[in-house]
Asker: 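Structure incoming, see below.
Worth saying up front: this structure is predicted, and the values here are computed from it rather than measured.
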Amino acid sequence: MTEAVVLSDAEVVRDAAPLDDGAATPLPALDGTALTVELVHGAESYYLAPMPEDGGDRENAPRVRDVSGGSAYYDPWLSRAAREIAVQGAILGTSPPEPVLSFILRSFGAPEGSVAQMLVKVSGDDPGVVDHAVASALEAAPQGSGRLLVGVGEAAVESGEHERRLVVVSARRDFELAPTTRTLEMGEIWRIGGRAPTGFADASASVLYPDHSIVVLPVEMSGHDFSVQVPAGELQGTVRVSIDGVGLTGPGKLLQLQAEVGGEVPTSIEVLLPPAETFSELQDAEAYALERLNYDRRTQGLEMLELDAVLSDVARAHSQEMRDESYFAHQSPTTGLAADRIRNARYAATTNGENLAFNDSIAEAQSSLMESVGHRRNLVSPRFTHVGIGLAREDSSSGKTSWHLTQLFARKVVPLDAQEVAKTLVEAINAHRSELGLDPLEVREELVALAQEGCERALTDKFSDVPSDIAPRASRVAHGRVSVSAHAFYELATLDVAELGVGEEFVQIGLALLRDPESLEGRTFLVVVVAEPG
């Protein structure tokens with residue numbers, strides 16, 4: 001599985017509390033088969049901790065170097081993970097599912113969230129088989145920048161013959177990470193540091209705590225070096241940290257780590273394996289993807305997102321382009337970023353976000369996005385109202401099906417009834433004055449007309465000049481001192497009536513709003529005129 005994320009602009013997101021059985025209809029359980037996996041070789045308590053060389057390292061490190069011609073590097077952490085993958089595959093009789101693969105990678109100190117893997121079943125001890133498997137894994141290795149890393153592991157299978165399961169995994173690591181712990185005490189500071197690739201900028205860290213709150217922390221950058229200090233908090237459980245930023249191919253995730261607060265590193269995992277997916281029509285697959293997404297929102301006590309046909313068309317086109325042009329990124333060589341694609345579709349939204357995934361199944365795609373902190377920020381954001389789901393199916397020559405998934409989120413601009421909103425704002429201002437023990441303001445139509453004129457001028461003139469243009473005439477109308485303020489906003493909820501310049505000495509008000517017809521983001525002008533007694 002491969003994934004990427006573009007973050008919405010919220011700095012702190014808190015998941016809503018799970019649905020209360022007494023307040024809402026309980027959610028039906030998702031279909032699937034429960035699976036519990038116990039690690040055979042234990043787990044490491046650090047990411048990339050130094051480890052002693054073993055016989056497999058001594059044998060396979062030169063093999064990887066020779067087979068790759070020096071273009072790939074043997075990685076002992078990936079090799080330990082590959083060994084466990086081979087063992088678990090032998091136990092299960094099939095390759096471990098993706099959530100288990102990610103768990104195994106973490107357990108053996110590899111910071112990668114996903115890898116490409118090659119499985120070979122062999123009998124005997126022919127070393128040429130290993131060379132061939134490594135060569136095949138190199139051909140199937142992930143594209144992109146960064147060092148190409150290879151891990152090799154194997155397990156013996158009890159059968160009538162001496163059968164071996166050989167697993168070769170490969171990954172691209174475009175960062176360096178200093179060894180860091182996977183366990184924390186409550187109240188401890190988790191220090192994460194390393195070196196980012198060339199061109200990586202605008203870094204931030206999204207932290208998911210055990211209570212489902214997500215907090216965004218600054219990442220210190222000094223040249224290519226990065227560091228972040230993450231408070232462990234006072235709750236026992238898992239803390240996940242995603243370091244995100246903008247690289248040469250656009251916005252995306254650099255890496256994600258997790259640590260256990262007040263507990264031990266787990267050596268087992270329980271997962272729900274979804275039923276096999278068979279879709280004859282793309283629209284059925286996209287409907288299923290929407291169902292999985294909204295199920296996860298409802299478990300967090302959030303409203304379901306409404307499917308939008310325009311957003312789906314944009315999302316689907318991006319998924320198809322990624323498949324057809326063999327790339328995976330938010331930044332398209334032809335359509336730019338998600339915001340560009342939404343704007344080109346003339347879709348009116350105050351904010352937007354995009355998640356991407358490439359998985360063997362739609363259920364696994366949604367599950368992996370919820371496990372990724374940056375993607376989760378979009379999935380559980382209460383700011384979004386609509387979503388577009390776009391899938392592109394890819395069938396390999398071996399018959400394997402994979403899915404490119406694009407989720408395009410938006411808060412759709414709603415129609416504005418300017419007179420009704422103006423009335424509501426005046427009522428809110430007067431309610432605030434009442435709390436302060438002040439008399440309500442009287443609406444004066446002459447001041448309303450001037451406020452309306454100010455809004456219209458804001459469309460064509462310099463916005464900051466509106467108060468000085470309107471104030472002299474407002475003063476003549478009121479026969480006294482006035483105050484004129486002009487505001488531009490995108491969402492009504494962001495306005496604070498206590499900050500609209502309404503002092504206690506004023507007794508009259510004129511207020512008007514006007515939405516900019518050229519703004520797809522819903523920019524709206526508000527002009528407030530208040531006057532003292534004449």
Side-chain angles (χ1 to χ4, degrees), residues 1-7 98 101-102 105 111-117 137-149 169-175 196-200 242-256 282 285-286 289 293 312 314-342 352-379 388-396 400-409:
M1 184 274 296
T2 312
E3 57 188 38
V5 63
V6 59
L7 301 179
E98 184 177 299
L101 290 176
S102 296
L105 289 170
E112 281 70 32
S114 62
V115 295
Q117 63 168 318
L138 291 172
E139 291 179 1
Q143 300 298 311
S145 61
R147 285 162 52 106
L148 176 56
L149 304 178
V169 296
S170 58
R172 292 277 182 182
R173 189 181 299 164
D174 59 357
F175 59 85
T198 300
F200 186 76
S242 176
I243 298 179
D244 309 285
V246 179
L248 297 178
T249 59
K253 179 171 67 178
L254 181 66
L255 61 92
Q256 179 169 308
L282 184 64
E286 291 180 347
L293 184 159
S312 291
V314 175
R316 191 178 305 112
H318 187 59
S319 290
Q320 291 171 349
E321 182 183 89
M322 288 191 295
R323 177 197 62 194
D324 297 343
E325 301 301 324
S326 300
Y327 77 91
F328 184 80
H330 294 284
Q331 179 83 47
S332 161
T334 58
T335 62
L337 292 170
D340 301 314
R341 292 187 280 275
I342 289 176
N352 65 81
E354 183 180 72
N355 285 349
L356 305 178
F358 180 54
N359 292 76
D360 294 341
S361 77
I362 296 168
E364 284 185 341
Q366 178 62 25
S367 177
S368 66
L369 291 172
M370 278 296 285
E371 287 295 309
S372 174
V373 183
H375 297 83
R376 187 186 181 99
R377 283 180 64 188
N378 282 334
L379 287 165
I389 301 292
L391 285 168
R393 177 172 175 161
E394 184 171 334
D395 295 316
S396 69
K400 177 183 175 183
T401 296
S402 300
W403 296 95
H404 291 265
L405 168 65
T406 300
Q407 298 171 332
L408 193 53
F409 304 89

Asker: On a heavy-atom basis, which atom in His375 and which in Asn355 lie closest, and how many Å separate them?
Answerer: O-ND2, 3.3 Å

Asker: Minimum heavy-atom separation for Ala116 and Pro142, please, with both atom names.
Answerer: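 So the minimum-distance heavy-atom pair works out to CB-CD, 3.9 Å.
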
Asker: Whether the side chain of Ser102 engages the backbone of Gly113 through a donor-acceptor N/O pair (distance < 3.5 Å, no angle test) should be reported.
Answerer: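 Such a contact is found between Ser102 side chain and Gly113 backbone.
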
Asker: Give a yes-or-no answer on whether the side chains of Gln366 and Gln407 include a donor-acceptor pair shorter than 3.5 Å.
Answerer: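 Yes, a side-chain donor-acceptor pair sits under 3.5 Å.
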
Asker: Looking only at heavy atoms, what is the nearest atom pair of Ala329 and Thr249, with distance?
Answerer: CB-O, 3.9 Å

Asker: Rounded to the nearest 0.5 Å, how far apart are CD of Glu364 and CG of Leu101?
Answerer: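 CG of Leu101 is found 8.5 Å from CD of Glu364.
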
Asker: Whether the side chain of Arg316 engages the backbone of Ala392 through a donor-acceptor N/O pair (distance < 3.5 Å, no angle test) should be reported.
Answerer: no

Asker: Taking Leu405 as the fixed residue, which of Ile362, Leu356, Leu293, Ile389 is the one that meets the side-chain contact (heavy atoms from CB on, under 4.5 Å) rule?
Answerer: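 Passing option: Ile389.
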
Asker: Would you compute the distance between atom CG of Leu255 and atom OG of Ser242 and round it to the nearest 0.5 angstrom?
Answerer: 7.5 Å

Asker: Donor-acceptor pair, Arg341 side chain versus Val314 backbone, under 3.5 Å?
Answerer: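 Looks like no, no N/O pair under 3.5 Å.
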
Asker: For a quick test of reading the model, state the closest non-hydrogen atom pair linking His318 to Tyr327 and the distance between them.
Answerer: CE1-OH, 3.4 Å

Asker: Step by step, work out the side chain to side chain contact (heavy atoms under 4.5 Å, CB included) result for Leu408 and Ile342.
Answerer: CA-CA 9 Å; Leu408 193 53; Ile342 289 176; 3.9 Å; yes

Asker: Step by step, would you call Met322 with Phe358 a side chain to side chain contact (heavy atoms under 4.5 Å, CB included)?
Answerer: CA-CA 10 Å; Met322 288 191 295; Phe358 180 54; over 6 Å; no

Asker: Grab the two heavy atoms, one from Gly250 and one from Gln331, that are nearest each other, plus how far apart they are.
Answerer: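 Of all heavy-atom pairs spanning Gly250 and Gln331, the closest is CA-CB, 4.1 Å.
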
Asker: Show your reasoning for whether side chain to side chain contact (heavy atoms under 4.5 Å, CB included) applies to Ser145 and Leu248.
Answerer: CA-CA 10 Å; Ser145 61; Leu248 297 178; over 6 Å; no

Asker: Does Ser170 form a side chain to side chain contact (heavy atoms under 4.5 Å, CB included) with Leu148? I'd like the steps, not just the answer.
Answerer: CA-CA 7 Å; Ser170 58; Leu148 176 56; 4.3 Å; yes

Asker: Here's a test for you: under salt bridge (Lys or Arg N to Asp or Glu O under 4.0 Å), which of Arg173, Arg147, Lys253 qualifies with Glu112?
Answerer: Arg173

Asker: Of the non-hydrogen atoms in Ser319 and His404, which two are nearest, and what is the gap between them?
Answerer: OG-O, 3.5 Å

Asker: Donor-acceptor pair, distance only, cut-off 3.5 Å: does the side chain of Ser367 make one with the backbone of Ala363?
Answerer: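 No, because the side chain of Ser367 does not come within donor-acceptor range (under 3.5 Å) of the backbone of Ala363.
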
Asker: With side chains defined as the heavy atoms from C-beta onward, is the minimum distance between Phe409 and Leu379 less than 4.5 Å?
Answerer: yes

Asker: Roughly how far apart are Phe175 CZ and Leu254 CG, rounded to 0.5 Å?
Answerer: 6.0 Å

Asker: Can you find a side-chain donor-acceptor pair between Glu321 and Thr334 that sits under 3.5 Å?
Answerer: yes

Asker: So, the side chain of Glu394 versus the backbone of Arg323: is there a donor-acceptor pair under 3.5 Å, distance only?
Answerer: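 Between the backbone of Arg323 and the side chain of Glu394 there is no qualifying donor-acceptor contact (under 3.5 Å).
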
Asker: Roughly how far, to the nearest 0.5 Å, is the CD atom of Glu354 from the NE2 atom of His330?
Answerer: 5.5 Å

Asker: Please name all residues satisfying side chain to side chain contact (heavy atoms under 4.5 Å, CB included) with Ser396, sequence neighbours left out, ordered by chain then number.
Answerer: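 Listed in chain order: Ser398, Lys400.
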
Asker: Using the side chain to side chain contact (heavy atoms under 4.5 Å, CB included) criterion, which residues pair with Thr401? Sequence neighbours excluded.
Answerer: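 In terms of side chain to side chain contact (heavy atoms under 4.5 Å, CB included), with neighbours along the sequence ignored, Thr401 is linked to Arg393, Asp395, Trp403.
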
